[in-house]
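Treat the numbers as computed from the prediction; the structure is a model and nothing was measured. We use all heavy atoms of the structure for the numbers below, so side chains are in, but hydrogens, waters and symmetry mates are not.
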Amino acid sequence: PDPLTRALVEYPKELRGTASQIMEALRRGGFRGIPMKGGKAIASRLRECSRVLKLNGLDFREEQIGSNTIFTIARLET
């Protein structure tokens, strides 16, 4: 998979926030080399990889809160 999808699958905790906040959390978590800049481009890429995330046991949700789109990516309970 691409670097963003791989980082999301490997990230051990739930991620919740805007697309830019999720990218910042991944960077703080040590995931480097994800060539994404700009919130809209990141949001689009998150939506594109949502199917692969689900196939890897992750729940992918997005919701509109005010003018922000908030994404949640978390491990499905087994």
Side-chain angles (χ1 to χ4, degrees):
D2 68 276
L4 175 59
T5 304
R6 185 172 46 252
L8 292 168
V9 169
E10 293 176 4
Y11 195 79
K13 301 176 186 175
E14 177 178 295
L15 289 163
R16 180 174 167 79
T18 65
S20 296
Q21 289 169 336
I22 286 177
M23 289 300 291
E24 183 57 34
L26 291 173
R27 287 188 186 108
R28 282 193 317 268
F31 294 93
R32 306 277 187 251
I34 304 170
M36 290 276 163
K37 293 188 178 162
K40 288 183 182 185
I42 298 165
S44 177
R45 188 65 196 114
L46 288 172
R47 290 181 189 104
E48 289 172 6
C49 70
S50 66
R51 188 174 195 179
V52 174
L53 296 177
K54 290 179 182 183
L55 290 172
N56 281 277
L58 296 170
D59 182 34
F60 176 88
R61 289 176 275 138
E62 71 177 282
E63 61 186 304
Q64 198 68 34
I65 298 179
S67 62
N68 294 317
T69 301
I70 303 298
F71 295 92
T72 304
I73 301 165
R75 301 241 169 257
L76 290 170
E77 297 296 321
T78 56

Colleague: Can you get from V52 to L8 by hopping between Ile, Leu, Val, Met, Phe, Trp and Tyr side chains that sit under 4.5 Å apart?
Modeller: no
Colleague: Given 3.5 Å as the limit, does a donor-acceptor pair link the side chain of D2 with the main chain of L4, or not?
Modeller: yes
Colleague: Where is the tightest heavy-atom contact between Y11 and G29, given as atom of each residue plus distance?
Modeller: CE1-CA, 4.4 Å
Colleague: If you count heavy atoms of other groups shown closer than 6.0 angstrom to CZ of R75, is the number above 12?
Modeller: yes
Colleague: Membership question, hydrophobic clusters at under 4.5 Å side-chain separation (ILVMFWY): are I70 and L58 in the same one?
Modeller: no
Colleague: Closest heavy-atom contact between F71 and T18?
Modeller: CD1-C, 4.3 Å
Colleague: Side chains of L53 and L46: does their closest heavy-atom pair fall under 4.5 Å?
Modeller: no
Colleague: Quick one: salt bridge (Lys or Arg N to Asp or Glu O under 4.0 Å) pairs with a partner in residues 52-74, sequence neighbours left out?
Modeller: R16-E63, R47-E62, D59-R61
Colleague: Roughly how far apart are T5 OG1 and R51 CZ, rounded to 0.5 Å?
Modeller: 13.5 Å
Colleague: Applying salt bridge (Lys or Arg N to Asp or Glu O under 4.0 Å) as the test, list every pair that has at least one member in residues 64-73; sequence neighbours left out.
Modeller: none
Colleague: Just wondering, do L26 and I34 contact through their side chains at under 4.5 Å, heavy atoms?
Modeller: yes
Colleague: How long is the gap from CG on N56 to CZ on R6, to the nearest 0.5 Å?
Modeller: 12.0 Å
Colleague: For a quick test of reading the model, state the closest non-hydrogen atom pair linking G39 to A19 and the distance between them.
Modeller: O-CB, 3.6 Å
Colleague: Quick check: do Q21 and L15 have side-chain heavy atoms less than 4.5 Å from each other?
Modeller: no
